[in-house]
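Because the structure is a prediction, the values reported are computed rather than measured. When reading the values below, keep in mind they use all heavy atoms of this one structure, side chains included, and skip hydrogens, waters and symmetry mates.
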Amino acid sequence: MNILGLSGALGHDASAAIIVNGKILAAAEEERFIRDKHAKNLFPYEAARYCLREAGVRPEQVDVVAFPYGEIPLTSAARWHYAKRHWYAPDRVIDALFNGNRRFRRNRDKALALMAELGLSNAEYVPVEHHLAHASSAYHLSGFKEKTAIVGIDGKGEYATTFFGYGEHGKIHKIKEFYDPDSLGGMYGAITEYLGFEMLDGEFKVMGMAPYGDANKYDLSRLVQFKDGELRVNTKLVNVIGLRRYKENGRGHYFTPALVDWLGPKRQGDEIDDPYIHYAASVQQLLEDIALQMIEYYLGDIIRETGRIAMAGGVALNVKLNQRIIAMPGVKELFVQPASGDAGTSLGAASFVAAQRGEPLEAMPHAYLGPSFTTEECLAACAAHPSKPVFKRIADAAATGAELLANGHPLAWFQGRMEFGPRALGCRSILGDPSHPGVADRINAQIKYRERWRPFCPSMLDRAAEDILQTAHPAPYMTFTFDVAEHWKSRIPEVVHEDGTARAQVVTRATNPRYYALIEALEQRRNVPVVLNTSLNRRGEPMICSPKDALDMFFGCDLEYLIMEDVLVQKTPDNT
């Protein structure tokens, strides 16, 4: 069966994924093709075309189009809860009760129009509840065979904000859902806005800022409570709509003037640290504490039974929370879907339908599911580029790259298939030698143009990972932080964060042989089996997809070296 998943229902992070006979063949975000971060209010036309092309499936051969946005009946508690909790906005109450599937119908019509435009003439349109798509993207693709606890936490889907359930024998069972506005992810997103960042884009910046503050300096617990199995967000402060919103320059935010009266003016710019770093620390701790309480309350027995957890939703990208989940009693392994945000719901919807129809799904083998380009295509892009790069074919990309890194140079590294999800995993990366003091600051200031306190991540060889991270827990996707062993902190200082942790990627030869060879070649020169890794893009831009994108970015920053497949690109000639 050929199942195409499409996402974009919530107005951001449109994507497409294709599963053929139970195997994932391709998945990609629309933003990468159109060069518009988060592809707001767009559907995944280019991503879908890519997936069909990569899978070798003609449009008329697609059996099912799965879409991660379902119809919610009036008999569901979701719409009634929404109405009750938004009493202060009567127009929303009436809408929820009497026209509660308006967005579903709008999305269905857009999806059907996209299907017609793509020529999917024989495909059945199958809607899947948003949180079931998240759950499936984690559980069905985890490879876990035992009974598995499933956690889904994000801002919101149709109405649900949080999902607790379990998977057994390939089926997903709901235990408990919470509904808007009672959203842990929404609370964190509102404080993200208060701290001066974009909701749905800046939450990881808050997480990066948190270790610089003191979580105990300010008590933010009045924002949200979990008591007797119920989650309740304080909508006098956050997760608000309509007239309750704090407005600035004509734009409404998801927090109230009362929050500003309590905590002080909204943060502006990049460098105002006090008291905002302490607020970041406090909201991060609050998120972790409440999430752990909920997981224990609803899933503790299942976790102690089998030790397996599968997790997705935007909050699943909070790597500090995930570190604490791994440390919970009874946890043997946590699988976090690498595309845990809404982009991953295209894959989740497709996998949910596949499982529902009896397709034997394969575990997700890696996240390298996007387009790749040949050396000849890279050479042609160089020859055609108006900035006239200096370029040449090289015999050994790993050795050449390692030599540049060992000499202290940052390196743009463009190889193989683009990653699915927000993390660069060694195919669309900017790299540095983590044992070279100052390389992280250089990348931040000259290339990434991002906040000085944002951490960089280590990619490390699998044979060294347990010694560095003090655990054998799988970590292929940069979805967890770990405490770095003391004897490694001074050896790789550029990838150890303020709190002594690292958001690590453990690299295997089987999944990325060329990246593995590069790190090995650097190890031979510097005696460090680790490379600093950040995504190949500039601040505010999507990750690079094509050779042209890479060259445009290369000439828009202070990078000096770019290796695309077997091509070394420079701005000026030298003796390298």
Side-chain angles (χ1 to χ4, degrees), residues 10-12 38 40 81-82 84-93 96 153-157 159 161-162 178-210 213 215 217-226 231-270 272-291 313-315 317-318 321 341-342 451:
L10 295 174
H12 58 86
H38 297 301
K40 291 181 179 175
H81 181 91
Y82 183 95
K84 180 181 177 182
R85 295 281 279 119
H86 288 89
W87 59 267
Y88 61 86
D91 58 323
R92 301 293 182 96
V93 172
I153 309 176
D154 65 3
K156 67 175 278 191
Y159 292 93
T161 66
T162 310
F178 293 108
Y179 306 115
D180 193 31
D182 296 309
S183 169
L184 202 53
M187 179 277 295
Y188 198 89
I191 299 301
T192 295
E193 281 198 325
Y194 170 76
L195 291 175
F197 307 116
E198 288 283 330
M199 185 186 279
L200 303 174
D201 186 55
E203 283 84 351
F204 61 96
K205 299 178 183 182
V206 176
M207 185 174 59
M209 183 193 284
K217 195 162 185 177
Y218 297 98
D219 180 7
L220 300 189
S221 61
R222 72 173 77 169
L223 294 174
V224 59
Q225 281 194 330
F226 180 70
L231 178 72
R232 192 171 182 89
V233 167
N234 186 345
T235 56
K236 293 180 180 177
L237 298 170
V238 291
N239 286 20
V240 293
I241 58 173
L243 297 176
R244 278 197 180 179
R245 287 184 170 184
Y246 174 82
K247 292 182 174 60
E248 182 181 70
N249 300 322
R251 179 186 173 189
H253 293 281
Y254 286 92
F255 57 88
T256 65
L259 183 83
V260 176
D261 292 341
W262 173 34
L263 298 180
K266 176 177 171 286
R267 178 178 174 269
Q268 307 288 340
D270 285 346
I272 304 171
D273 291 333
D274 194 2
Y276 303 100
I277 54 171
H278 306 303
Y279 294 155
S282 185
V283 77
Q284 174 65 30
Q285 182 168 300
L286 182 63
L287 175 88
E288 294 174 19
D289 290 348
I290 297 288
V315 174
L317 293 171
N318 192 298
L321 166 62
D342 283 346
E451 299 86 356

Carefully, step by step, assess E193 and R251 under the rule salt bridge (Lys or Arg N to Asp or Glu O under 4.0 Å).
CA-CA 12 Å; E193 281 198 325; R251 179 186 173 189; 3.6 Å; yes

Can you list the residues that meet the salt bridge (charged side-chain N to carboxylate O under 4.0 Å, His left out) rule with R244, with sequence neighbours excluded?
none

Between the NZ atom in K156 and the OG1 atom in T161, the distance rounded to the nearest 0.5 Å is 9.5 Å

Hey, could you give me the CG/OG1 distance between L243 and T256, rounded to the nearest 0.5 Å?
12.5 Å

Find out whether L263 and L220 are in side-chain contact, i.e. whether some heavy atom of one side chain is under 4.5 Å from a heavy atom of the other.
yes

Would you mind telling me which of R232, K84, R85 makes a salt bridge (Lys or Arg N to Asp or Glu O under 4.0 Å) with D182?
R85

Please name all residues satisfying ring-ring contact (aromatic ring centres under 6.0 Å, His included) with H253, sequence neighbours left out, ordered by chain then number.
F255

Is the distance between the ring centroids of Y179 and Y82 less than 6.0 Å?
no

I'd like to check Y254 versus M199 (side-chain heavy atoms, cut-off strictly below 4.5 Å). Are they in contact?
yes

Once salt bridge (charged side-chain N to carboxylate O under 4.0 Å, His left out) is applied, do any residues pair with K217, and if so which ones, sequence neighbours excluded?
none

Got F204 and L317 here, is their nearest side-chain heavy-atom distance under 4.5 Å?
no

So F178 and F226, would you call those rings parallel, tilted or perpendicular, with 30° and 60° as cut-offs?
perpendicular

Atom pair CZ/CZ of F197 and R267 - distance to nearest 0.5 Å:
4.0 Å

With no hydrogens and no angle check, just 3.5 Å: does a side-chain donor-acceptor pair link N318 and E288?
no

Among residues at least two apart in sequence or on other chains, which ones pass side-chain hydrogen bond (donor to acceptor under 3.5 Å, both in side chains) with D289?
R324

Applying side-chain hydrogen bond (donor to acceptor under 3.5 Å, both in side chains), can you list everything that pairs with K236, at least two apart in sequence or on another chain?
none

Only counting residues at least two apart or in another chain, list the ones meeting side-chain hydrogen bond (donor to acceptor under 3.5 Å, both in side chains) with D219.
S221

